[in-house]
Amino acid sequence: MAKWQRNPTGRIAYVNGRYLPHAEAGVHIEDRALQLGDGIYEVTNVIGGKPIDEEPHLDRMERSLRELGIAMPMGRAALKLVMREMIARNRIANGLLYLQVTRGAARRDHVPPKNPPRPTLIITMRAQDMAALAQRMEKGIAVSTQPDIRWGRCDIKTVQLLPNLLAKQAAKQASAFEAWLVDDDGYVTEGGSTNAWIVDAKGTVITRDLSNAILPGVTRKIMLEAMKEAQISVVERKFTVAEALAAKEAFITSATGAALPVVVIDGQTIGDGVPGALSRRIRDLYAEKAGIN
Ligand code: PDD
């Protein structure tokens with residue numbers, strides 16, 4: 001099977017009220033996301049035909065929009081129906097659902113128009129490459145540290161992803177699956193598209209505390225709840241690259257991969273060089289809580 005066929009893009013896209021063949025779907029050339037990066041997005045995992053952690057993803061979507069003063073393109077109940085319709089029309093049981101909301105199309109001006117245009121809503125899907133994901137879980141992944149050159153509102157899930165993509169491109173060139181972004185003081189903020197975690201010698205799980213410096217990951221939130229319920233020792237604080245290199249275990253979390261063990265950082269082996277027991281346990285606890293079997 002050709003590589004692209006293992007995670008094909010869904011055939012149907014949703015744009016502003018219409019379900020269209022993916023290749024024919026498009027937005028206005030004056031859309032503010034295209035012209036100015038003026039938009040936000042969400043990604044939810046879909047398993048067994050159901051969106052995972054749907055409410056917290058929609059909560060965060062509403063928050064991102066509120067922070068930018070963009071209206072919700074439709075009510076939450078209607079949006080949930082459209083998401084289900086997309087899953088059904090694309091016949092994708094296990095995949096990823098992407099929601100993008102932009103401020104809409106208007107004559108180009110940095111300042112948002114006084115009379116707001118109708119926000120653009122784009123929904124697309126793609127199948128998940130389950131074999132590749134299983135392999136990453138089994139073997140663990142490598143990360144490469146890269147300078148965090150992003151802006152001061154990384155808590156908003158904006159479509160302005162240039163710093164993330166440059167970091168991830170550099171990581172790929174270094175044969176790593178993910179970039180770990182490092183702030184000016186030498187602390188890890190998060191991954192290019194994931195949250196970053198380590199486990200110290202005493203078995204305490206550490207992840208950066210929430211602030212404008214990181215995205216409040218939905219998977220991070222549910223993982224933390226699961227760990228607290230299981231009485232796993234966990235601290236939300238920033239950690240340095242040196243601490244990460246000395247960690248017993250490390251992992252990344254996101255809607256796209258739940259928890260993936262990190263076994264190499266900048267070419268250096270972490271712990272035993274194989275996925276750690278605690279990372280695996282946390283992953284199982286999360287799966288149970290999120291309703292993933
Ligand atoms: N990324 N940090 C960043 C910068 C992210 O882009 C993401 C998600 C996360 C994890 O958040 P969550 O657990 O809610 O997925 C953290 C998505 C998956 C993406 O850009 O494709």
Side-chain angles (χ1 to χ4, degrees), residues 7 9 33 37 39-47 51-64 67 94-101 122-129 132-133 136 141 143-172 177-183 187-197 207-227 236 238 250-260 262 279 282-283 285-287 289-290 292:
N7 58 343
T9 302
I40 61 96
Y41 76 110
E42 271 301 325
V43 187
T44 71
N45 195 0
V46 172
I47 295 187
I52 303 300
D53 300 333
E54 186 178 29
E55 298 297 341
H57 277 289
L58 295 178
D59 288 345
R60 186 174 63 191
M61 175 174 155
E62 284 183 4
R63 179 184 181 274
S64 294
E67 290 298 309
N94 299 318
L96 299 169
L97 187 143
Y98 293 84
L99 294 153
Q100 257 119 9
V101 183
I122 303 165
I123 308 178
T124 52
M125 283 198 75
R126 76 159 63 148
Q128 178 84 277
D129 184 344
L133 189 61
R136 273 180 222 124
I141 57 139
V143 302
S144 160
T145 60
Q146 301 292 331
D148 191 345
I149 58 166
R150 298 175 302 164
W151 69 326
R153 289 304 306 273
C154 296
D155 56 312
I156 303 173
K157 198 163 170 64
T158 149
V159 295
Q160 302 185 119
L161 290 168
L162 264 177
N164 306 59
L165 78 85
L166 291 177
K168 285 178 78 87
Q169 184 184 44
K172 193 170 181 181
F177 176 74
E178 176 62 304
W180 269 13
L181 308 176
V182 181
D183 68 18
Y187 291 95
V188 174
T189 49
E190 60 184 330
S193 60
T194 56
N195 286 111
W197 307 67
T207 194
R208 188 153 175 147
D209 49 313
L210 294 184
S211 70
N212 292 349
I214 67 166
L215 185 80
V218 168
T219 320
R220 176 191 180 282
K221 174 181 144 79
I222 309 294
M223 287 281 171
L224 280 173
E225 286 169 14
M227 281 185 240
E236 292 176 69
K238 52 190 181 178
F251 56 99
I252 56 172
T253 61
S254 71
T256 47
L260 291 179
V262 172
S279 313
I282 291 166
R283 184 190 175 84
L285 289 170
Y286 166 76
K289 205 168 164 64
I292 305 170

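Because the structure is a prediction, the values reported are computed rather than measured. Nothing fancy with the numbering, it's 1 onward along the sequence. Only heavy atoms go into these numbers, but all of them, side chains included; no hydrogens, no water, no symmetry mates. Atoms within a ligand are numbered from 1 in the order they appear, just like the ligands themselves.
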Legend entry - Atom pair OG1/CG of T124 and L97 - distance to nearest 0.5 Å: 7.0 Å
Inset, instruction - Answer with yes or no whether K221 contacts ligand 1, where contact means a heavy atom under 4.0 Å from a ligand atom. - result: no
Legend entry - Protein contact to atom 17 (C) of ligand 1 [nearest heavy atom, distance to 0.1 Å]: K157 NZ, 3.4 Å
Inset, instruction - Determine, using heavy atoms of P56 and all atoms of ligand 1, whether some pair is separated by less than 4.0 Å. - result: no
Inset, instruction - Might you confirm whether atom NZ of K221 has over 12 heavy atoms from other residues, nucleotides or ligands at distances under 6.0 Å? - result: no
Inset, instruction - Decide whether an N or O pair under 3.5 Å exists between R220 and ligand 1. - result: no
Legend entry - Sub-4.0 Å heavy-atom approach of G192 to ligand 1: yes
Inset, instruction - Ignoring hydrogens and angles, state whether a donor on the side chain of S144 or Q146 is under 3.5 Å from an acceptor on the partner side chain. - result: yes
Inset, instruction - Measure from atom 9 (C) of ligand 1 to every heavy atom in T189, I214, L215 and give the option owning the shortest one. - result: L215
Inset, instruction - Could you tell me the separation between the CD1 atom of I122 and the CG atom of L99, rounded to the nearest 0.5 Å? - result: 10.5 Å
Inset, instruction - Pick one of side chain, backbone, both or neither for how T253 approaches ligand 1, counting any non-hydrogen atom pair under 4.0 Å. - result: backbone
Legend entry - atom 21 (O) of ligand 1: nearest protein contact (heavy atom, Å): V43 CG2, 3.7 Å
Inset, instruction - Could you tell me the residue and atom name of the protein heavy atom closest to atom 15 (O) of ligand 1, and the distance to it rounded to 0.1 Å? - result: A255 N, 2.8 Å
Inset, instruction - Only counting residues at least two apart or in another chain, list the ones meeting side chain to side chain donor-acceptor pair (under 3.5 Å) with K168. - result: E178, S193
Legend entry - Sub-3.5 Å N/O-N/O distance, G191 and ligand 1: no
Legend entry - Pairwise distance OG1(T9) to CZ(R126) - rounded to 0.5 angstrom: 5.5 Å
Inset, instruction - Using distance alone, decide if ligand 1 has a nitrogen or oxygen within less than 3.5 Å of any nitrogen or oxygen in T256. - result: no
Legend entry - Region of N195 engaging ligand 1 - heavy atom pairs below 4.0 Å: both
Legend entry - Closest approach of any protein heavy atom to atom 11 (O) of ligand 1, naming residue and atom: G217 CA, 3.5 Å
Legend entry - Check ion pair D183-R208 (N to O, under 4.0 angstrom): yes
Legend entry - Counterpart residues, side chain to side chain donor-acceptor pair (under 3.5 Å), relative to N164 (two or more places apart): none
Legend entry - Contact atoms of ligand 1, heavy-atom distance to Y41 under 4.0 Å: 6 (O), 19 (C), 20 (O)
Legend entry - S193, any N or O under 3.5 Å of ligand 1 N or O: yes
Inset, instruction - Specify the protein heavy atom at minimum distance from atom 13 (O) of ligand 1: its residue, its atom name, and the distance to 0.1 Å. - result: T219 OG1, 2.6 Å
Inset, instruction - Please state whether H57 comes within less than 4.0 angstrom of ligand 1, counting heavy atoms only. - result: yes
Legend entry - CD1 on I292 to CZ on R283, rounded to 0.5 Å: 7.5 Å
Inset, instruction - Return yes or no for this condition: an N or O of N164 is under 3.5 Å from an N or O of ligand 1. - result: no
Legend entry - Nearest neighbour in protein (non-hydrogen) for atom 3 (C) of ligand 1: E190 OE1, 3.5 Å
Legend entry - Exceeds 12 heavy-atom contacts within 6.0 angstrom, atom OH of Y98: yes
Inset, instruction - Can you see which heavy atom on Q128 is nearest to which on T256, and at what distance? - result: NE2-O, 2.9 Å
Inset, instruction - Taking all heavy atoms of R60 and all of V218, pick out the closest pair and write down the distance. - result: NH1-N, 3.4 Å
